[in-house]
Amino acid sequence: MTTRDECLALDANDPFAPLRDEFILRDGEIYLDGNSLGPVSKGLQRRVSEVIDGEWAQGLVRSWNAAGWMDAPLVLGNRLAPLIGALEDEVLVADTLTLLLAKIIGGSLELRPERHVVITDAVNFHSDLYIVAAMARLAGRDIIVKTIDRDTLDDHLDDDVALVMLTHVDFRTGEMLDMAGITTAVHSVGALMLWDLAHSVGAVTLDVTETDVDFAAGCGYKYLNGGPGAPAFMYVASRWHGVLRNPLPGWLAHARPFDFESTYETAGGMRAYVTSSPSVIALGALDGALEVWARTTMADVRVKSLALTDLFVALVDDFLPGVFELLTPRDHDRRGSQVALRHADGYGVIQALIERGVIGDFRAPDICRFGFTPLYLRYVDVYDAVQVLADVMTSGAYLDGRFSARLAVT
Ligand SMILES: *Cc1c(COP(=O)(O)O)cnc(C)c1O
C-alpha cells in the first residue's frame, strides 16, 4: 500500500510542481472537480485584466483591429490545436459546445444527402442527445437518430449511416473509447465521424490527424480551465474546409462582413463556422488559461493522470474494500482522467466530502465522480482525499438527513 510519505516524495520530484503555483487554490481544500469546472489561473487573471483595462478601456472600438479581437477565435484555435493533434487553421474557438455540435451535425447531414441514419450513444450527455434530435428534425428530410449501446456499434454500421457522434470519454464512468478503431469502422461504411471531446481535451492524449477524425468539438471550461461558460472549440479536418457548410451562418462567417451585403457568401477555412461577434473577454480568459499548457506536453500530463487515478483506485480498494462499485475501467487504454464510484447514497457521500473540503461531484442516480487534473493536483492530495472518504464512510456522515434534499447543481 502506498503511504502518505511516499506520496510526499513523489510530489517532491514532480515536474508539475511549479505549475501548481499558477493556480488559485484554497488552502485546506482538495479540488477533484476540474473535469466539471477548472480553477482560476494567474495567466487567466492577467489576460482578463489586460483585455479589460488595456484593450477595451484604452483602445475601445479601435481594439477590434489593433488588439486583433476579430481574429481571436482563430488565433486561439491554433493555440489549442496541439492539445488535440490538429494542424494549423483547423480549430475555431467560439460559442458553446452544444451549439458547435449543432453546426457540425447540420453541416454533416448535407454532406450525405442520400443517407438517413445518425448514430449516437444512448448514454451520451443529454445535451448531445437533445441537439442531435433537433438537428435531425430541422434537416428537412427523413433522418432517424439511433441511440444505441455503443458496444454494438458495428452491428449498426451500414451504407444508410450518414454520421456517427460519440463522446470519447464517458462523462459518468470515465470510460475512454477507441478513437482510431471506431473512426476507421465508421469510415469503412462511408459515414462521417464526430467526436465530442468535452472530457478528453486537456485530460488525455489526442491525435485527430493520426486517427483521421472528420469533426470534433469540446469544452473550454472543464480541463482547460477557461472559466464558467467559457467558449468551446470545434475541429474540422482541412479536407472538409469549403465543403462542410455552416447551418447557422451570421455576418461574421461572410467572406466580407464589413461590406454589409444582403446576400450571404461564406468565408473560407474555419471562419466559415463563426456566427456572431466573438466574446472577447471570455476568449481572453481562455487565452490566459492556455498559457500554462505551453509549459508541458499532453504525453506528460497523461502519464501523471494515470498515476493519480491508479493511486486513487488502489487506495479506495485498500481502505474501503467492497464499499463502492468502481465504474471506471482499470485498463489504462480505456480510462480517461476521472474515477467514478457507484454508491446508493452517492449524493450524501459527495455532500459530506464537500463539507470536509474534498470537492467531487455527483451524477444521478448514484455516481460519485472525481476528476484528476495533473497540472495542480498532488499525489498527497489523492492520499488525503481517500482518508477523508474513508472517514465519511466509516463514521456514517454521508447518511446525515441534511443530504436528503438535492441542490439544483450537483
Ligand atoms: C459538458 C458537456 C456538454 C455541455 O457543453 P455546453 O458548453 O454547456 O453546451 C456537452 N456534452 C458533453 C459530453 C459534456 O461533457
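Numbering of ligands and ligand atoms starts at 1, following listing order.
- Between the side chains of Thr183 and Thr211, no donor-acceptor pair is found at a separation under 3.5 Å.
- Relative ring orientation between Trp195 and His168 is described as perpendicular, the plane-to-plane angle rising above 60° on a 0-90° scale split at 30° and 60°.
- Near Asp196, meaning under 4.0 Å from any of its heavy atoms, are these atoms of ligand 1: 11 (N), 12 (C), 13 (C).
- Short contacts between ligand 1 and Ala198, defined as distances under 4.0 Å to a heavy atom of the residue, involve ligand atoms 12 (C), 13 (C), 14 (C), 15 (O).
- The Lys222 neighbourhood of ligand 1 comprises atoms 1 (C), 2 (C), 3 (C), 14 (C), 15 (O), with distances under 4.0 Å to a heavy atom of that residue.
- Ligand 1 places these atoms under 4.0 Å from at least one heavy atom of Thr98: 6 (P), 9 (O).
- Here is the list of ligand 1 atoms found below 4.0 Å of a heavy atom in Thr167: 13 (C).
- Remark: the Glu22 side chain and the Ser41 side chain contain no N/O donor-acceptor pair separated by less than 3.5 Å.
- Residue Cys219 has at least one heavy-atom neighbour below 4.0 Å for each of these atoms of ligand 1: 1 (C), 5 (O).
- If you look at Asp128 next to ligand 1, the close heavy atoms, those under 4.0 Å, all belong to the side chain.
- A ring-centre distance under 6.0 Å is not found for Phe125 and His199.
- Scanning the protein for heavy atoms near atom 3 (C) of ligand 1, the closest one is Phe125 CE2, 3.4 Å.
- For Arg239 and Asp212, the salt-bridge test passes: some basic side-chain N is under 4.0 Å from an acidic carboxylate O.
- Of the protein's non-hydrogen atoms, Leu97 N, 3.0 Å is the one closest to atom 7 (O) of ligand 1.
- Residues Asp310 and His332 bring a donor and an acceptor atom of their side chains to less than 3.5 Å of each other.
- A heavy-atom distance below 4.5 Å is found between the side chains of Pro228 and Leu37.
- The ligand atoms of ligand 1 that sit less than 4.0 angstrom from a heavy atom of Tyr221 are 1 (C), 4 (C), 5 (O), 6 (P), 7 (O), 8 (O).
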